[in-house]
Participant: 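Below: one structure in structure tokens.
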2 protein chains.
Amino acid sequence: MLRYLERAGLVVPRRAQSGYRLYGIRELNQLRSLAELRQVFGVEIGELAFALRLRREPALRAAVDTWLAGTDAVDGLPAPGWVEWEQRKHERLLAA
Amino acid sequence: MLRYLERAGLVVPRRAQSGYRLYGIRELNQLRSLAELRQVFGVEIGELAFALRLRREPALRAAVDTWLAGTDAVDGLPAPGWVEWEQRKHERLLAA
DNA sequence: GCAACCTTAGCACGATCGTGTCAAGCTTGA
DNA sequence: TCAAGCTTGACACGATCGTGCTAAGGTTGC
């Protein structure tokens, strides 16, 4: 389990010269609050790792933000007839 | 596949009275850029859904931000001896 | 009215997740 | 030196992901 979290980059302990993992209070706190996050919000490990990626890769963050902006941008609009019409047309073309 | 994305809350088309899904240009754009996100950045569907959750649930966002702040906060510190010692002690106690 | 298309529900199936356990070897402390 | 404890690598195993397909039935357009 600890090695799994380490591979995910979430809780990475220091190493002694011998290679032993050194879990300090910092890591213990991370482990405790991670368990809380999972229990309270149902956050998966991969999801938290993704949030970490978002924070470390600005390009990814920008791309995701852009995508999400397009998602909930104009949500309450009534469907204009032409959209429905366009939709039919595109559906036909979607065979490709 | 489309129904899967819909259940994930990522691409949710309007519905006709009959129940038919109405995919307009907006949804087609979402689908296209979603495919690009996945291909370019290796983003999984669940991960994007999580980013959406982050944007919609402020409490979750705050909790995750706090956790991440603790993760990469003081990363370059040399290990003080007492941390190593504490680590031993806590390890003994971790049998519980 | 009928063919073509949509709906949901459900099963299948390989891939990955999350976790545990076992084997073989290196480290450490008394 | 020797037992206890750590390391990595590997396998196992249920659960979920991502995707496709089929079945049974409603909608639509000609």
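Note on naming: letters A, B, ... go to the chains in the order of the sequence lines (proteins, then strands), and numbering restarts at 1 for each one.
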Participant: Between A:Arg15 and D:dT8, is there a contact of a side-chain N or O with OP1 or OP2 at under 4.0 Å?
Facilitator: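 So the side chain of A:Arg15 is within the cut-off, an N or O lying under 4.0 Å from OP1 or OP2 of D:dT8.
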Participant: For B:Gln17 and for B:Gly46, find the nucleotide of DNA chain D with the closest heavy atom, then tell me which residue's nucleotide is more 5'.
Facilitator: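 So the residue in question is B:Gly46.
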Participant: Rounded to whole Å, how long is the line connecting atom CD1 of A:Ile45 with atom C1' of D:dA15?
Facilitator: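 Going from A:Ile45 (CD1) to D:dA15 (C1'), I get 14 Å.
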Participant: Using only modelled atom types and a 3.5 angstrom limit, is any donor from either the side chain of B:Tyr20 or the base of D:dG26 paired with an acceptor on the other?
Facilitator: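 Result: at least one qualifying N/O pair found.
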Participant: Is it the case that more than 12 heavy atoms not belonging to A:Glu57 sit under 6.0 Å from its CD atom?
Facilitator: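 Count over threshold, so yes.
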Participant: Name the closest nucleotide to the B:Met1 side chain, picking from C:dT19, D:dG20, D:dC17.
Facilitator: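 In terms of side-chain proximity for B:Met1, the closest of C:dT19, D:dG20, D:dC17 is D:dG20.
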Participant: Just to confirm, is there a sub-4.0 Å distance from OP1 or OP2 of D:dG18 to any side-chain nitrogen or oxygen of B:Tyr4?
Facilitator: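 For D:dG18, OP1/OP2 do have a side-chain N/O of B:Tyr4 under 4.0 Å.
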Participant: Rounding to a whole Å, what distance do you find between B:Leu37:CG and D:dG18:C1'?
Facilitator: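 Those two atoms, CG and C1', are 17 Å apart.
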Participant: Distance check, rounded to the nearest 0.5 Å: B:Glu44 atom CD versus B:Arg38 atom CZ?
Facilitator: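 The CD atom of B:Glu44 sits 6.5 Å away from the CZ atom of B:Arg38.
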Participant: Out of C:dT7, D:dT19, D:dA10, which nucleotide sits closest to the side chain of A:Arg3?
Facilitator: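 Closest of the options to the side chain of A:Arg3: D:dA10.
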Participant: Looking at B:Glu27 and B:Arg21, is any side-chain nitrogen of the basic one under 4.0 Å from a carboxylate oxygen of the acidic one?
Facilitator: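 Salt bridge between B:Arg21 and B:Glu27, a charged N being under 4.0 Å from a carboxylate O: no.
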Participant: Supply the atom-to-atom distance A:Leu2 CG to A:Leu10 CG, rounded to the nearest 0.5 angstrom.
Facilitator: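 Result: 12.0 Å between the selected atoms.
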Participant: Starting at CG of B:Leu2 and ending at P of C:dT8, how long is that distance when rounded to a whole Å?
Facilitator: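 Nearest whole value for this atom pair: 11 Å.
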Participant: Between A:Phe50 (CZ) and C:dT16 (P), how many Å, whole number?
Facilitator: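 Roughly 18 Å, once rounded to whole Å.
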Participant: Between P on D:dT19 and CG on B:Leu10, what's the gap in Å once rounded to a whole number?
Facilitator: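 So the CG-P distance, B:Leu10 to D:dT19, works out to 11 Å.
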Participant: Can you measure B:Glu47 atom CD to D:dT16 atom C1' for me and round it to whole angstrom units?
Facilitator: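 That distance rounds to 14 Å.
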Participant: To the nearest Å, how far apart are A:Leu48 CG and C:dG18 P?
Facilitator: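 Between P of C:dG18 and CG of A:Leu48: 11 Å.
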Participant: Just compare D:dT7, D:dT28, C:dT19 and give me whichever is closest to any side-chain atom of A:Arg21.
Facilitator: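 Nearest nucleotide to the side chain: D:dT7.
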Participant: Tell me: CG of A:Leu22 to P of D:dC6, nearest whole Å?
Facilitator: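 A:Leu22 atom CG is separated from D:dC6 atom P by 11 Å.
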Participant: Closest-nucleotide mapping onto DNA chain D: is B:Glu44 or A:Glu6 further toward the 5' terminus? I mean the 5' end.
Facilitator: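 Final value for this comparison: A:Glu6.
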Participant: For A:Arg7, report the nucleic acid contact type (base, sugar-phosphate, nothing); a contact means any heavy atom under 4.0 Å.
Facilitator: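 Here A:Arg7 touches no strand at all.
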Participant: Is any side-chain N or O of B:Ser18 closer than 4.0 Å to OP1 or OP2 of C:dT7?
Facilitator: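 The answer is no; no side-chain N or O of B:Ser18 sits under 4.0 Å from OP1 or OP2.
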Participant: Does a donor on one side chain and an acceptor on the other come within less than 3.5 Å for A:Arg26 and A:Asn29?
Facilitator: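 The criterion, which ignores hydrogens and geometry beyond distance, is not satisfied for A:Asn29 and A:Arg26.
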